[in-house]
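Note sheet for the following structure.
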Amino acid sequence: MIQRAAPAYIRKLFGSSSPHLQVECRYYTAQVATSLRPGVYSDDEECPVVDWDKLGFGFMPTDYIYITKSCDVAGNFEKGQLNRYVNIQLSPSAGVLNYGQGLFEGTKAYRQDNGGLSLFRPRENAIRMQIGAERMCMPYPSTDQFVDAVKQTALANKRWIPPSGKGSLYIRPLLFGSGSILGLAPAPEYTFLVYACPVGNYFKEGTAPLNLYVDEDFHRASRGGAGGVKSITNYAPVLRAIRNARERGFSDVLYLDSVNKRYIEEVSSCNIFLVKGRLISTPIACGTILEGVTRKSIMDIAIDLGYQVEERLVEADELISADEVFCTGTAVGVAPVGSITYKGQRIDYKIKSELVCKKLYSTLVGIQKGHIEDKRDWIVDIE
């Protein structure tokens, strides 16, 4: 076995005298040897061997990740750097493992029709992470550092950005307590990292309409909790509800508020909208609903197109009389809903070519691809 010196960032993370260093070096050597196998990672300038037409929403390791740490009392993050994609090592007593002190974001890099590469509203993701970090007692990278990290990660993995119309490069920034802590308290050290992978449609149905189930037993969030921030602790608790729904043939779960159990809130990983004539309604974000970047963008686009948009408490009974229902999110884009089952009653929605959500999504994609003028400075060119 060829012995290699540990990369600088591993020496920095673990210290040159760390007992973990030798193990980490061995793993790093094996990982690099595997990741550079011919035909997949043979040359950073070559196109990866990917069937873009069959791209789903599954993990696919790319070339580089961005990593930085915050170790000082003031919570300042060191200058980050790009490293070859490898697994990271954590202490069993890391704050994120013991107390769930972690946040994640999701944004995308796109290949525009003219061949250029761009990001969509990454500053909004940076601000949302900062709000979440305040809630979770964590330091956070500045907006500029966040955006720069996302840019660096996208450019370093640009060969993995699918051709225009075939998908996007999903970029996931993570912020978590990596320092050791035993008692319940904020971790003494934090890691901010960014990785990426190419993705297509989030749901297995692809672009087909979703079939949702309103779960009256499980709740995604409660008042005073962390439902309004993108905490990692929000997601595992809904896995049981999702599994139950999918076993019965549904795409996902629509959750009700935990107090009155009469107002809709959001789907497991996306926001929801109801259309009635020229009025578009979405549940108000009041601490239990995540304010999605796509949600905000679709609301602005709808207003520009002459629709009336309102955020309010939306009763589940209103689902029966809605003309149209759709979901939004970074991962899902804009997805029409074909049916919702509530209290044993299936509500079917007519899926027609002139759906409002299709018009809104077409405008959104047009802005992202560069063939509709970006009047709000949403697009950040990276090449």
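Bear in mind that the values here come from a model prediction, so they are computed numbers and not experimental data. No hydrogens, no waters, no symmetry mates; every other heavy atom, side chains included, goes into these values.
Looking at Asp63, its side chain never comes within 3.5 Å of a backbone N or O of Asn83 through a donor-acceptor pair. In terms of modelled atom types and a separation under 3.5 Å, the side chain of Arg220 and the main chain of Val267 share no donor-acceptor contact. Asn157 places no side-chain N or O within donor-acceptor distance of the main-chain N or O of Ala196, the cut-off being under 3.5 Å. For Asn98 (side chain) and Leu182 (main-chain N/O), no donor-acceptor pair under 3.5 Å exists by modelled atom type. Panel note: side chain Lys69, backbone Phe77; no donor-acceptor pair is recorded below 3.5 Å. The backbone N or O of Gln368 lies less than 3.5 Å from a partner atom in the side chain of Gln112, making a donor-acceptor pair. Here the side chain of Asp148 pairs no donor or acceptor atom with the backbone of Asp144 at under 3.5 angstrom.
At a cut-off of 3.5 Å, with distance as the only test, no side-chain donor of Glu78 or Thr68 sits close to an acceptor on the other residue. Side-chain contact of Arg223 with Thr288: a donor-acceptor pair under 3.5 Å is absent, judged by distance alone. For the 3.5 Å distance criterion, the side chains of Asn211 and Ser339 qualify, holding a donor opposite an acceptor. Side chains of Gln152 and Tyr64: no donor on one and acceptor on the other come within 3.5 Å. No hydrogens or angles considered: a donor-acceptor pair under 3.5 Å links the side chains of Ser93 and Ser180.
Between Asp304 and Arg376, at least one side-chain N (NZ, or NE/NH1/NH2) sits under 4.0 Å from a carboxylate O, which counts as a salt bridge. Using a cutoff of 4.0 Å between basic side-chain nitrogens and carboxylate oxygens, Arg262 and Glu318 are not scored as salt-bridged. A salt bridge is absent between Arg172 and Glu105: the closest approach of a Lys/Arg side-chain nitrogen to an acidic carboxylate oxygen does not fall below 4.0 angstrom. Ion pairing between a basic and an acidic side chain is recognised when a charged N comes within 4.0 Å of a carboxylate O; Glu291 and Lys296 show no such pairing.
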* For the pair Phe104 and Tyr235, evaluate ring pair (Phe, Tyr, Trp, His ring centres under 6.0 Å) and give the outcome as yes or no after the intermediate values. => CA-CA 11 Å; Phe104 73 91; Tyr235 295 87; 5.1 Å; yes
* Yes or no on side chain to side chain donor-acceptor pair (under 3.5 Å) for Tyr255 and Ser268, after CA distance, side-chain angles and deciding distance? -> CA-CA 8 Å; Tyr255 300 91; Ser268 302; 3.0 Å; yes
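One hydrophobic cluster holds both Ile303 and Val275 under the rule that ILVMFWY side chains link at heavy-atom gaps under 4.5 Å.
In this structure, Arg123 forms no cation-pi arrangement with Phe146, as its terminal cationic atom is not both closer than 6.0 Å to the ring centre and no more than 45° off the ring axis. Under the 6.0 Å distance and 45° angle rule, Arg240 does not count as a cation-pi partner of Phe218. The side-chain tip of Arg278 points at the ring of Tyr307 from less than 6.0 angstrom away and within 45° of straight on.
A 6.0 Å sphere centred on NZ of Lys261 holds no more than 12 heavy atoms belonging to other residues, nucleotides or ligands. Atom NZ of Lys352 has more than 12 heavy atoms from other residues, nucleotides or ligands within 6.0 Å. For Lys359, the NZ atom sits in a loose shell: 12 or fewer heavy atoms of surrounding residues, nucleotides or ligands are nearer than 6.0 Å.
Across all their heavy atoms, Ile161 and Ala154 have their closest contact at CD1-O, 4.3 Å. Contact record, Pro186 with Cys137: CB-O, 3.8 Å, taken as the closest heavy-atom pair. Counting all heavy atoms, side chain and backbone alike, Leu175 lies closest to Ala133 at CD2-CB, 4.0 Å. Contact detail for Gly177 and Tyr190: the closest heavy-atom pair is CA-CD2, 3.5 Å.
Here the side chains of Trp52 and Pro163 are in contact, with some heavy-atom distance below 4.5 Å. With contacts defined as side-chain heavy-atom distances shorter than 4.5 Å, the pair Val380/Ser118 does not qualify.
Relative ring orientation between Phe57 and Tyr170 is described as perpendicular, the plane-to-plane angle rising above 60° on a 0-90° scale split at 30° and 60°. A tilted orientation is assigned to the rings of Tyr85 and Phe59, their planes being inclined by 30° to 60°.
Separating the OH atom in Tyr349 from the CD1 atom in Ile340 is a distance of 4.0 Å, to the nearest 0.5 Å. We find the OG-CD distance between Ser70 and Glu189 to be 8.0 Å, quoted to the nearest 0.5 Å.
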